[in-house]
Amino acid sequence: MEKLDPTRLSSEALNVLEIIEASNFPPFESLSLDDMRKVHAQISEKLGGEILPVDHVEEVTIEDNGKGGKIHLRLYSPNNISSYGAIIYIHGGGWCVGSIYTHDKICRRLASTSNLKVISVAYRLAPEFPAPNGPLDVLSAVEWIV
């Protein structure tokens, strides 16, 4: 496999790597799942810059069309909505870490800078809810949004 050439990364990507390295967190692969989630949350607090203002944030719980229960969504409305479009945000974390809480700053930034509504989906995480539960939650959320 080809080794990563950092000169090919954007300055923003390099900045993220520098922040993570400066945090002195142990490698993810050496952590328990609970510790991975804690470290991921701590890293998320350091990334994303300042918290940008939005008009309002609404918490919504929907039925998942009989696939396993309820799905939590967080809706971000920008101060100046420019169209009827929306961004559906599926947070990162490999389906087992991350949450709508760890990606809150990103969603606020997307709403504030795009002037579109952002809908963040809190899908169920593995291994507590093995695949395909997380992706099915996302599909149910998209169906509900549409």
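Position 1 is the first residue of the sequence, and the numbers go up from there.
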ask   = Considering residues at least two apart in sequence or located in another chain, which fulfil the salt bridge (charged side-chain N to carboxylate O under 4.0 Å, His left out) criterion with Glu128?
value = Arg37
What residue pairs, at least two apart or across chains, pass salt bridge (Lys or Arg N to Asp or Glu O under 4.0 Å) with a residue in [range]?
range: residues 102-112; answer: Arg74-Asp104, Asp104-Arg108
range: residues 85-94; answer: none
range: residues 83-103; answer: none
range: residues 80-102; answer: none

query = Can you tell me how far CG of Asp137 sits from CD1 of Ile62, rounded to the nearest 0.5 angstrom?
reply = 8.5 Å
remark   = Rounded to the nearest 0.5 angstrom, the CG-OG distance for Asn80 and Ser114 is 11.0 Å
With a cut-off of 3.5 Å and sequence neighbours excluded, list every side-chain donor-acceptor pair involving residues 24-32.
| from | atom 1 | to | atom 2 | distance (Å) |
| --- | --- | --- | --- | --- |
| Ser30 | OG | Pro27 | O | 2.7 |
| Ser32 | OG | Asp35 | N | 3.2 |
| Ser32 | OG | Asp35 | OD2 | 3.4 |

Is there side-chain contact between [X] and [Y], with heavy atoms separated by less than 4.5 Å?
X: Leu73; Y: Thr61; result: no
X: Ile71; Y: Val121; result: yes
X: Lys117; Y: Ile81; result: yes
X: Ile88; Y: Val142; result: yes

inquiry  = According to side chain to side chain contact (heavy atoms under 4.5 Å, CB included), who are the partners of Asp5, at least two apart in sequence or on a separate chain?
reply    = Thr7, Arg8
ask   = side chain to side chain contact (heavy atoms under 4.5 Å, CB included) with Tyr89: which residues, sequence neighbours excluded?
value = His91, His103, Ile106, Cys107, Leu110, Val118, Ser120
How close do [X] and [Y] get, heavy atom to heavy atom, and via which atoms?
X: Pro78; Y: Asn115; answer: CG-C, 3.5 Å
X: Ala41; Y: Thr102; answer: CA-CG2, 3.7 Å
X: Ile119; Y: Ala86; answer: CD1-CB, 4.2 Å
X: Cys96; Y: Ala126; answer: CB-O, 3.0 Å
X: Val54; Y: Asn79; answer: C-OD1, 3.3 Å
X: Leu116; Y: Gly85; answer: CD2-O, 3.7 Å

request  = Starting from the C-alpha separation in whole Å, work towards a yes-or-no answer on side chain to side chain contact (heavy atoms under 4.5 Å, CB included) for Trp95 and Tyr123.
outcome  = CA-CA 8 Å; Trp95 303 102; Tyr123 57 83; 3.3 Å; yes
With hydrophobic residues grouped by side-chain heavy-atom distances under 4.5 Å, do [X] and [Y] end up in a single group?
X: Leu33; Y: Val39; answer: yes
X: Val146; Y: Ile90; answer: yes
X: Leu75; Y: Ile145; answer: yes
X: Val57; Y: Ile51; answer: no

query = How would you list all residue pairs meeting side-chain hydrogen bond (donor to acceptor under 3.5 Å, both in side chains) that involve residues 39-52, not counting sequence neighbours?
reply = none
Residues 11-21 side chain polar contacts: donor-acceptor under 3.5 Å, at least two apart:
| from | atom 1 | to | atom 2 | distance (Å) |
| --- | --- | --- | --- | --- |
| Glu12 | OE1 | Ser10 | OG | 3.4 |

request  = Please test Val60 against Trp144 for side chain to side chain contact (heavy atoms under 4.5 Å, CB included), starting from the C-alpha separation and ending with a verdict.
outcome  = CA-CA 11 Å; Val60 175; Trp144 181 86; 4.0 Å; yes
inquiry  = Restricting to side-chain hydrogen bond (donor to acceptor under 3.5 Å, both in side chains), what partner residues turn up for His72, sequence neighbours left out?
reply    = Glu59
query = Passes side chain to side chain contact (heavy atoms under 4.5 Å, CB included), Leu52 versus Thr113? Steps please.
reply = CA-CA 9 Å; Leu52 295 182; Thr113 59; 4.1 Å; yes
query = Sequence neighbours excluded, which residues qualify as ring pair (Phe, Tyr, Trp, His ring centres under 6.0 Å) partners of Tyr76?
reply = none
